[in-house]
Amino acid sequence: MERNILTDKEVSILHNTMSSTGIFVTCGFESPNIMVTHFGAVGKMWGRQIFVLPIRSNKYSYQIVNNTKQFALNVPAHDMRTEISLCDTISGFKCNKFETLGLHPKRARAIKSYVLGECGLIVECKLIASIPPDTIIKHDELNMSSRPHTLFVGEPVSVYSLKK
């Protein structure tokens, strides 16, 4: 069943998976990419459910999300720690991560991107805001960061589970 709102159970799954192993983020269509995030926030803002995705500006996914204004969250349906670890160490600038990692892209349902066939919970998001790091209140720890993150605020437009 496809929806545009995450249930409380799905929010819990996202948070737990992000903090334990990480989740895949897919973006792009002509030049698609996969990244892994271990951080993010689900909540409500501006009367909408949102997911806040931090991405450093030196990442290939940053360029894609910044240009396409969309991304998909892909929660593994089984243990994919090996693929997550490898995805964290290779660059989308240098290779096609789908091929390199042996993952199977499927066409996203509501955005112009791909999702991962190996994953269960899929959350397709359209960007509603981006917050550059220099607009965030500066804390001592943020000032010391040599690679600050832009916060991409996405609104879920399609939430579903791939059947396994």
Side-chain angles (χ1 to χ4, degrees), residues 1-7 9-42 48-130 149-164:
M1 175 167 140
E2 189 173 342
R3 300 168 267 105
N4 67 343
I5 297 290
L6 288 153
T7 65
K9 181 179 178 183
E10 290 165 336
V11 168
S12 179
I13 290 168
L14 268 175
H15 279 294
N16 291 341
T17 307
M18 267 191 303
S19 64
S20 62
T21 59
I23 60 172
F24 294 102
V25 178
T26 51
C27 55
F29 190 70
E30 285 87 24
S31 299
N33 194 45
I34 309 168
M35 65 172 262
V36 172
T37 188
H38 302 275
F39 310 102
V42 181
R48 304 169 174 184
Q49 189 174 56
I50 60 160
F51 184 85
V52 180
L53 175 66
I55 308 177
R56 290 185 172 121
S57 62
N58 64 334
K59 300 295 184 183
Y60 187 47
S61 291
Y62 172 91
Q63 291 179 3
I64 295 171
V65 173
N66 200 41
N67 290 331
T68 65
K69 311 295 187 224
Q70 50 197 4
F71 59 89
L73 308 172
N74 302 258
V75 180
H78 59 276
D79 185 356
M80 295 184 74
R81 283 180 273 199
T82 300
E83 293 87 347
I84 286 171
S85 293
L86 288 171
C87 189
D88 265 347
T89 63
I90 58 178
S91 171
F93 284 117
K94 297 179 180 177
C95 70
N96 178 323
K97 287 188 181 184
F98 289 95
E99 291 174 5
T100 302
L101 297 170
L103 298 174
H104 301 91
K106 294 178 111 66
R107 180 73 171 86
R109 295 180 182 177
I111 63 173
K112 195 171 180 182
S113 184
Y114 293 97
V115 298
L116 296 177
E118 290 80 4
C119 290
L121 176 62
I122 306 293
V123 183
E124 298 179 18
C125 296
K126 287 196 176 175
L127 201 63
I128 57 174
S130 61
H149 295 77
T150 293
L151 303 178
F152 289 102
V153 182
E155 178 178 23
V157 293
S158 185
V159 178
Y160 55 94
S161 290
L162 293 176
K163 299 294 180 201
K164 294 288 155 202

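Just so you know, these numbers come straight off a predicted model, no measurement behind them. The basis for the numbers below is simple: all heavy atoms, side chains too, and nothing from hydrogens, waters or symmetry mates. One-based numbering along the sequence shown.
- A distance of 9.0 Å separates OG in Ser91 from CG in Asn58, rounded to the nearest 0.5 Å.
- Atom CG of Asn66 sits about 11.5 Å away from atom OG of Ser61, to the nearest 0.5 Å.
- With hydrogens and angles ignored, the 3.5 Å screen pairs a side-chain donor or acceptor of Asn74 with a backbone N or O of Leu116.
- A 6.0 Å sphere centred on NZ of Lys69 holds more than 12 heavy atoms belonging to other residues, nucleotides or ligands.
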Discussion item. Using the rule given for side-chain contact (heavy atoms from CB on, under 4.5 Å), can you reason through Lys9 versus Leu121, listing the C-alpha separation, both sets of side-chain angles and the distance that settles it, and then say yes or no?
Written reply: CA-CA 11 Å; Lys9 181 179 178 183; Leu121 176 62; over 6 Å; no
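- Between Thr21 and Ile84, the shortest heavy-atom distance links the atoms O-CG2, 3.3 Å.
- Two residues are said to be in side-chain contact when any heavy atoms from C-beta on lie closer than 4.5 Å; Ile111 and Phe71 fail this criterion.
- The two residues Val65 and Cys27 make their nearest non-hydrogen contact at CG2-CB, 3.9 Å.
- The two residues Ala108 and Tyr160 come nearest to each other via the heavy atoms CA-OH, 4.2 Å.
- Of all the heavy atoms in Gln49 and Asn4, the pair that sits closest is OE1-O, 4.3 Å.
- Looking at heavy atoms from C-beta onward, Val159 lies out of side-chain contact with Ile5 at the 4.5 angstrom threshold.
- For the atom pair NE2 of His104 and SG of Cys119, the computed distance is 12.5 Å after rounding to the nearest 0.5 Å.
- Here CD of Glu118 is found 9.5 Å from NZ of Lys106. Values are rounded to the nearest 0.5 Å.
- Across all their heavy atoms, Leu127 and Ala129 have their closest contact at CD1-O, 3.4 Å.
- Ring geometry for Phe93 versus Tyr60: interplanar angle of 30 to 60°, hence tilted.
- Using modelled atom types, one side-chain atom of Ser19 and one backbone atom of Asn16 make a donor-acceptor pair closer than 3.5 Å.
- The closest side-chain heavy-atom distance from Phe24 to Glu83 is below 4.5 Å.
- Leu101 has its side chain within reach of Ile90: a pair of non-hydrogen atoms, C-beta onward, lies under 4.5 Å apart.
- Val123 is not listed as a side-chain neighbour of Phe51, based on a closest heavy-atom distance of 4.5 Å or more.
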Practice prompt. Would you sort out whether Ile122 and Arg109 count as a side-chain contact (heavy atoms from CB on, under 4.5 Å), showing the intermediate values?
Written response: CA-CA 10 Å; Ile122 306 293; Arg109 295 180 182 177; over 6 Å; no
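- Note that the OG1 atom of Thr37 and the CE atom of Met18 stand 6.5 Å from one another [nearest 0.5 Å].
- Atom CG of residue Leu6 and atom CG of residue Leu73 lie 8.0 Å apart, to the nearest 0.5 angstrom.
- The closest side-chain heavy-atom distance from Lys59 to Asn33 is not below 4.5 Å.
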Worksheet item: What do the steps show when you test Ile34 against Thr26 for side-chain contact (heavy atoms from CB on, under 4.5 Å), and what is the final call?
Response: CA-CA 5 Å; Ile34 309 168; Thr26 51; 4.1 Å; yes
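- Contact between Gly28 and Pro32 at its shortest, heavy atoms only, is O-CB, 3.6 Å.
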Worksheet entry | Pair Phe39-His149, side-chain contact (heavy atoms from CB on, under 4.5 Å): steps then yes or no | CA-CA 11 Å; Phe39 310 102; His149 295 77; 5.6 Å; no
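- With contacts defined as side-chain heavy-atom distances shorter than 4.5 Å, the pair His15/Val42 qualifies.
- A heavy-atom distance below 4.5 Å is not found between the side chains of Glu124 and Gln70.
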